2 protein chains.
Amino acid sequence: MSTLPDCQYCRKDQRLHDLMIEVAPLQVSTLYLFKEQTYRGRCVVASNSHVNELYELPEAELVKFMQDVTRAAKAMRLSLGAAKINYGAYSDKLPHLHFHLVPKYVDGPSWGAPFAMMPDPKVLLTAAEYDALGAKIRASLG
Amino acid sequence: MSTLPDCQYCRKDQRLHDLMIEVAPLQVSTLYLFKEQTYRGRCVVASNSHVNELYELPEAELVKFMQDVTRAAKAMRLSLGAAKINYGAYSDKLPHLHFHLVPKYVDGPSWGAPFAMMPDPKVLLTAAEYDALGAKIRASLG
């Protein structure tokens, strides 16, 4: 039996696979492509450590985690031609640190307002489209 | 004439004062109490540098900025008895880096969902109540 917490980010189980697709391991986190793609290229950067608040990361790990977040954001903005990246970390009920990184486009969905967590209706892509988008972002990580 | 960008965070003008009240200067940012208080103790940490994306901060300044953000978040969570702090940086149309730090309370407003940017109706406090809340958070900054 697993001794990991009952947490989708620790177990990387079906709950996680239903929501996102791994793009690349980063220094102390993992970059995922979010399956719901209303905001083209939307990703998640999830800490490899099971902590809840950002301030619970040890100082050196916080530095690396934010290097990971900014590296992913920069790769997304440049490779996707987004006008801005939005950053959101909420986790009221899922106590594992992760940032939603959401590309915004001028006059696109939610431009000038916070992104919707789970837009309705959902925009889903084909497996080939997810692969292409993930490869594009991964190639820009530098 | 000011040579500062036409930006409320740079000029600290009436646009800013309408929205928030300074609580404390931090290392490379400023901590403000947000006047709209649906989420009790809601704050903003605004960078002192006029950059748009987190990744535009020089490496050493990014470290200090995130130390500021986490220091504020910890002070807020502990002094307010919040169950979780939410972190949001959007800025599609206001190109100056700032994080909304939003305390969440179990079964309180938006528990388990992203916070609303500007709830309607607004919850506003008296000057004395803002002072007391700001003093409480400031005293917990350590």
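The shown structure was predicted, so the numbers you read here are calculated from the model rather than taken from an experiment. By convention in this document, chain letters (A, B, ...) are assigned in the order of the sequence lines, proteins followed by strands, and residues within each chain are numbered from 1.
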Which heavy-atom pair separates B/Pro103 from B/Gly41 by the least distance, and what is that distance?
CG-C, 3.7 Å

Under 4.5 Å from any heavy atom of chain A - which part of B/Ala113
backbone

For B/Phe65, is it the side chain, the backbone, both, or neither that has a heavy atom closer than 4.5 Å to a heavy atom of chain A?
neither

Find out whether B/Leu31 and B/Leu141 are in side-chain contact, i.e. whether some heavy atom of one side chain is under 4.5 Å from a heavy atom of the other.
yes

Which ILVMFWY residues can you reach from A/Val63 by hopping between side chains whose heavy atoms are under 4.5 Å apart?
B/Val63

To the nearest 0.5 Å, tell me how far B/Leu19 CG sits from B/Leu33 CG.
12.0 Å

Do you know which of B/Val106, B/Ile85, B/Val102, B/Leu94 has the most heavy-atom pairs with chain A at a distance under 4.5 angstrom?
B/Ile85

Across chain B and chain A, what donor-acceptor pairs are shorter than 3.5 angstrom?
from, atom 1, to, atom 2, distance (Å)
B/Glu53, OE1, A/Lys84, NZ, 3.4
B/Glu53, OE1, A/Tyr87, OH, 2.7
B/Glu53, OE2, A/Arg77, NH1, 3.0
B/Glu53, OE2, A/Ile85, N, 2.8
B/Glu59, OE2, A/Gln67, NE2, 2.4
B/Gln67, NE2, A/Glu59, OE2, 2.4
B/Arg77, NH1, A/Glu53, OE2, 2.9
B/Lys84, NZ, A/Glu53, OE1, 3.3
B/Lys84, NZ, A/Tyr90, O, 3.3
B/Ile85, N, A/Glu53, OE2, 2.9
B/Asn86, ND2, A/Tyr90, O, 3.2
B/Asn86, ND2, A/Asp92, OD1, 2.9
B/Tyr87, N, A/Ala89, O, 2.7
B/Tyr87, O, A/Ala89, N, 2.8
B/Tyr87, OH, A/Glu53, OE1, 2.7
B/Ala89, N, A/Tyr87, O, 2.8
B/Ala89, O, A/Tyr87, N, 2.8
B/Tyr90, O, A/Lys84, NZ, 3.3
B/Tyr90, O, A/Asn86, ND2, 3.2
B/Tyr90, OH, A/Tyr90, OH, 2.9
B/Asp92, OD1, A/Asn86, ND2, 2.9
B/Asp92, OD2, A/Lys104, NZ, 2.6
B/Asp92, OD2, A/Gly112, N, 2.8
B/Lys104, NZ, A/Asp92, OD2, 2.6
B/Gly112, N, A/Asp92, OD2, 2.8

Kindly indicate whether the side chain of A/Leu26, heavy atoms from C-beta on, has any atom under 4.5 Å from the side chain of A/Val69.
no

Stepwise side-chain contact (heavy atoms from CB on, under 4.5 Å) test for A/Leu80 and A/Leu133:
CA-CA 9 Å; A/Leu80 300 164; A/Leu133 204 45; 3.8 Å; yes

I'd like to verify something: which residue of A/Ala116, A/Ala73, A/Gly112, A/Gly88 has the highest number of heavy-atom pairs under 4.5 Å with chain B?
A/Gly112

Pairwise distance CZ(A/Phe34) to CE(A/Met118) - rounded to 0.5 angstrom:
4.0 Å

Between the CD1 atom in A/Ile137 and the CG atom in A/Leu78, the distance rounded to the nearest 0.5 Å is 11.5 Å

When A/Ala83, A/Pro95, A/Pro114 are compared by non-hydrogen pairs under 4.5 Å with chain B, the top option:
A/Pro114

